2 protein chains.
Amino acid sequence: MLTQTAHATPLAHQPDIALSLHRKGRDESPSLGVLGIAMSFGRNMEIYAEGESAGHVYKVVSGVVRISNLLPDGRRQISAFHLPGDMFGFEADNLHWASAEAVTQVKVIAYKRRILLAGGGSTNLGRDLLHLTLVELRHTQEHLLLLGRKNALERVTTFLLDMDKRTKAGSVVELAMPRHDIADYLGLTLETVSRMFAELKERGLVRLEGARRVHLLDKQQLTSMGA
Amino acid sequence: MLTQTAHATPLAHQPDIALSLHRKGRDESPSLGVLGIAMSFGRNMEIYAEGESAGHVYKVVSGVVRISNLLPDGRRQISAFHLPGDMFGFEADNLHWASAEAVTQVKVIAYKRRILLAGGGSTNLGRDLLHLTLVELRHTQEHLLLLGRKNALERVTTFLLDMDKRTKAGSVVELAMPRHDIADYLGLTLETVSRMFAELKERGLVRLEGARRVHLLDKQQLTSMGA
DNA sequence: CGACTGGTTGACGAGGGTCAAGGACCGTGG
DNA sequence: CCACGGTCCTTGACCCTCGTCAACCAGTCG
């Protein structure tokens, strides 16, 4: 299997490409009985860049993808982490307004945008895309509330609960991303994220097993704090 | 004309309803050759509430609408202001996840959600809705960057430039909403918003004509500051 | 005229950012 | 096997931006 090695400066866009069919079944996401291209990206590799033309839409097969925007001076905001099964890369026009990068080793399937949009105008497909986009929109609005009005502890708590819910691994959250990415997602600094983890640990709400594995000990109380 | 008077606690949901056809032409928004119901709301009246079932989708005819979410303790985040021509009220499922209120006296046209979604499955309409939603999503992600990474002065500057662009009234921005709403949109307090206006005035970038009218004197520099 | 809503300005403090040092972990190679 | 380098994480000290609290001002309506 062709894959890429990690890269300090994640700028090149040369995914190794393998052709494949999109497997049906074992897959909760919308009905895409369409040909896709399987692609693989190493940690920190760029899947597409802000401003690039948006020829494809992607579905995560394995790994984690981050969607981010930059200010001219380098400040970064991550708008979403996408997990296996999630789709990303839709845009209103033909340009990507954000960039997508692999947080871990990632496999995706890329679908031609034209096929999805024009493709026969299958009503089902169109509705699925609309629904998907609306769900994404709701998540983003929820995140606005977090960034605009929650304090650091609430942000981290909300993040942990959200990751727990999305991965359904029963109170044990495996964080695929480093503190820096969490910080840029939550509108904080990595130091503050670290301190909030420590705070939750001290309060006995959480147990840390290394930096990347978090046991949620009291979801009830975490939930009541998360907002 | 039936309208409602302002209300200190904007909770009641009793819009005065008038039947009307949706006028074609003089209207850039998507092709909705569909019957709608014209409704009128007084300042601070609720158009729909968080958690309410989402039977309709709305288009602003006149006035300004705010979309907001609340935390249990009352902290509020406004995710968008909608101006004439804008649509709002789409949801992924059948419940409104945010509430919509009239910032000023407002006229809207309400369309039955079922008609828009199921309605013949007209490919054009479906695509329009998807496009609209994607544009909304992009705006929301842009706002994430603002809330997560911009400082107070940058936020206010970005807000003014955005309002200027949307109203196309040549460097004079008419703010329909009070400082408190601007603050809840920008993730600040009303005092900080007021101070940032003062700061922009001191720097000679802006001229204030009363609290609600702002002349943008140096858009170039404002843009470079808006980050 | 007085009451109300909305806006401005000032003094002060706290939450989180910045800067800096050091620790933990991991793969590589001697 | 251990030393080494790199990446990631934690913790502390300090400081700054913005929130809080409060007083006062301006415009509007009855």
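Computed from a predicted structure; not experimentally measured. Each chain gets a letter, A, B and so on, in the order the sequences are listed, and its residues count up from 1.
Atom C1' of nucleotide D:dC18 and atom CE of B:M196 are separated by 8 Å, given to the nearest angstrom. In this structure, B:I182 places its CD1 atom 13 Å from P of C:dG6, rounding to the nearest Å. Between the P atom of C:dG6 and the CG atom of B:L175 lies a distance of 15 Å, rounded to the nearest Å. C:dG17 atom P lies 15 Å from atom CZ of A:R179, rounded to whole Å. Across the protein-nucleic acid pair, A:R43 atom CZ and C:dC26 atom P stand 12 Å apart, rounded to whole Å. One interatomic measurement links the two molecules: CG of A:L208 to C1' of D:dC8, which rounds to 14 Å at whole-angstrom precision. Taking atom NZ of residue A:K201 and atom P of nucleotide D:dT10, one finds them 8 Å apart after rounding to whole Å. For B:E209 and C:dT8, the CD to P distance is 14 Å, given to the nearest whole Å.
One side chain, B:R66 or B:N44, offers a donor N or O that lies under 3.5 Å from an acceptor on the other. Checking B:H215 against B:E209 by side-chain atom types alone, a donor-acceptor pair falls below 3.5 Å.
Here the side chain of A:T189 is nearest to one of C:dG6, C:dT18, C:dT9, namely C:dT18.
Across all strands, A:L190 comes closer than 4.0 Å to base atoms (heavy-atom distances).
Interface remark: the B:R195 side chain does form a donor-acceptor pair with the C:dG10 base, using a distance-only criterion of under 3.5 Å. Between the side chain of A:E191 and the base of D:dC9, no donor-acceptor pair of N or O atoms lies under 3.5 Å.
Below 30°, between 30° and 60°, or above 60°: for A:H56 and A:Y58 the angle between ring planes is between 30° and 60°, a tilted geometry. The aromatic rings of B:Y185 and B:F81 are tilted relative to each other, their planes meeting at an angle between 30° and 60°.
If you run side-chain hydrogen bond (donor to acceptor under 3.5 Å, both in side chains) between A:D184 and each of A:Q77, A:R179, A:R76, only A:R76 comes through.
For B:T192 and D:dG19, the shortest distance from a side-chain N or O to OP1 or OP2 is below 4.0 Å. For B:R212 and C:dG7, the shortest distance from a side-chain N or O to OP1 or OP2 is below 4.0 Å.
Within residues 143-155 of chain A, the residues having any heavy atom under 4.0 Å from DNA chain C are, by residue number, A:N151, A:A152.
Judged purely by atom type and a 3.5 angstrom limit, A:K107 has no side-chain atom pairing as donor or acceptor with the backbone of A:M39.
Salt-bridge annotation for A:E154 and B:R75: present, with a side-chain N of the basic residue lying under 4.0 Å from a carboxylate O of the acidic one.
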